[in-house]
Amino acid sequence: MIVWTVANQKGGVGKTTTTVALAGLLAERQQRVLCIDTDPHASLTYYFGFDSEELPASAYDVFSAGKAITREQVKQAILPSEVKHLDVMPATMALATLDRKLGTQGGMGLVLKRALALVADDYDYVLIDVPPVLGVLMVNALACCHRVLIPMQTEFLALKGLDRMMRTLSLIQKSRGHGYRYTIIPTLYDKRTRASLDTYKKLVERYGNSVWNGMIPIDTKFRDASNEQLPPSLYAPKARGVLAYQSLLTHLQQLAQQDTE
Ligand code: ADP
Ligand code: MG
């Protein structure tokens, strides 16, 4: 089982879109996929057609169970989606209260890791969509992943947000004892603007090989796909944006082989 956490402390950079797009493509490649929504805004949950306010169980129950969580409790919080091979652990607004409730209890940063270990045989890939806030949810999602995927909007101001995310990683890294593997994914690329290209160049200058050597273009098909509650590749298999996510996925799957060695 490979676990990827999709994180950036800035909102609107394509985290949820990246999670759904990659998950949809993996499911098409016959991989068993679990998408976990840890964002109290529940965008991913709504994307897959679940009403966040009407859920029998959710990621909140997993976190509330804490360190003593059982496989049964994890399974209860996972729902099948309309897409074959793709399951979802949905989010509820209550997730926003976890920091206050659990943030200070010891070992709370490893609950998700324990939960995933209990269903490790059920999935080939787990993708975790993370809120843009540094808190117990992000800490959990970072603690259990093989690689952090960092979507970054290709515009100048976004570089600042990225610096913040990188500082967070090195901060958490210290408590984890070893470094993170991460891939920066240039998103919302507008080939008509200088700003997009300039930002891309700056990114590569600063972060070198950690930047995927492609970009996700602006593509209106993504919004249409979310309106239809379908992963982009099912809605518009030939869209430019989908082709870009396809080549990103191929790259990430190659890295995944090294990540698990
Ligand atoms: P985040 O999860 O980081 O807040 P989202 O994935 O929800 O970001 O994206 C924010 C908005 O931008 C959404 O409306 C989404 O449909 C749109 N979007 C994301 N990526 C693209 C893209 N490559 N082209 C066009 N629209 C996009
Ligand atoms: Mg989101």
Distance-only, no hydrogens or angles: does the [X] side chain make a donor-acceptor pair with backbone N or O of [Y] under 3.5 Å?
X	Y	value
Asp163	Lys160	no
Ser81	Val88	no
Ser196	Thr154	yes
Lys15	Lys10	yes
Asn140	Met108	yes
Thr16	Leu44	no
Asp99	Val136	yes
Arg164	Asn8	no
Thr187	Val13	yes
Asp124	Arg32	yes

Got [X] and [Y] here, is their nearest side-chain heavy-atom distance under 4.5 Å?
X	Y	result
Lys101	Phe63	no
Glu28	Leu249	no
Leu159	Met152	yes
Thr97	Tyr60	yes
Gln9	Thr168	yes
Ile216	Thr18	no
Ile150	Met165	yes

Can you tell me how far apart [atom1] ([X]) and [atom2] ([Y]) are? Round to the nearest 0.5 Å.
X	Y	atom1	atom2	result
Phe48	Asp87	CZ	CG	10.0 Å
Ile218	Lys191	CD1	NZ	10.0 Å
Tyr200	Met215	OH	CE	4.5 Å
Glu228	Arg223	CD	CZ	13.0 Å
Leu55	Glu53	CG	CD	9.0 Å
Leu127	Leu26	CG	CG	6.5 Å

Which class fits the ring pair Tyr245 and Phe222: parallel under 30°, tilted 30 to 60°, perpendicular over 60°?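 Perpendicular, since the angle between the ring planes exceeds 60°.
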Let me know which of Asp37, Asp51, Thr92, Asp39 forms a side-chain hydrogen bond (donor to acceptor under 3.5 Å, both in side chains) with Thr45.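 With Thr45 as partner, side-chain hydrogen bond (donor to acceptor under 3.5 Å, both in side chains) holds for just one option, Asp37.
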I'd like to know whether Met89 forms a side-chain contact (heavy atoms from CB on, under 4.5 Å) with Val119, so could you lay out the CA-CA distance, the side-chain angles of the two residues, the decisive distance to 0.1 Å, and finally the verdict. CA-CA 12 Å; Met89 183 188 287; Val119 293; over 6 Å; no
Distance-minimising heavy-atom pair for [X] and [Y]:
X	Y	value
Ile2	Ala256	CD1-CB, 3.9 Å
Gln246	Arg29	O-NH2, 3.5 Å
Pro232	Ala225	CA-CB, 3.8 Å
Ile128	Cys144	CD1-SG, 3.7 Å
Phe50	Pro80	CZ-O, 3.5 Å
Lys84	Ala27	O-CB, 3.5 Å

Could you please spell out the steps behind the side-chain contact (heavy atoms from CB on, under 4.5 Å) verdict for Leu162 and Leu203? CA-CA 10 Å; Leu162 182 64; Leu203 262 181; 3.4 Å; yes
Checking Gln30 against His85: is there a side-chain donor and acceptor pair closer than 3.5 Å?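 Yes - a donor-acceptor pair under 3.5 Å links their side chains.
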Between Arg181 and Gln258, is there a side-chain donor-acceptor contact under 3.5 Å, judged purely by atom types and distance?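 No, because no side-chain N or O of Gln258 sits under 3.5 Å from a partner of the opposite role on Arg181.
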Does one hydrophobic cluster hold both [X] and [Y], with members joined at side-chain heavy-atom distances below 4.5 Å?
X	Y	value
Ile36	Tyr125	no
Tyr180	Trp212	no
Val3	Val33	no
Leu252	Leu34	no
Val148	Leu137	yes

Just to verify, which of Thr260, Thr5, Thr183 counts as forming a side-chain contact (heavy atoms from CB on, under 4.5 Å) with Arg147?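 Output: one option passes, namely Thr183.
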Under 6.0 Å from the NE2 atom of His251, do we count more than 12 heavy atoms belonging to anything else shown?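 Enclosed.
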side-chain contact (heavy atoms from CB on, under 4.5 Å) for Lys67 and Leu110? Distances and angles first, verdict last. CA-CA 8 Å; Lys67 289 177 277 182; Leu110 293 173; over 6 Å; no
Take Leu134 and Ile172 through the test side-chain contact (heavy atoms from CB on, under 4.5 Å) and record every step on the way to the result. CA-CA 10 Å; Leu134 174 56; Ile172 297 180; 3.9 Å; yes
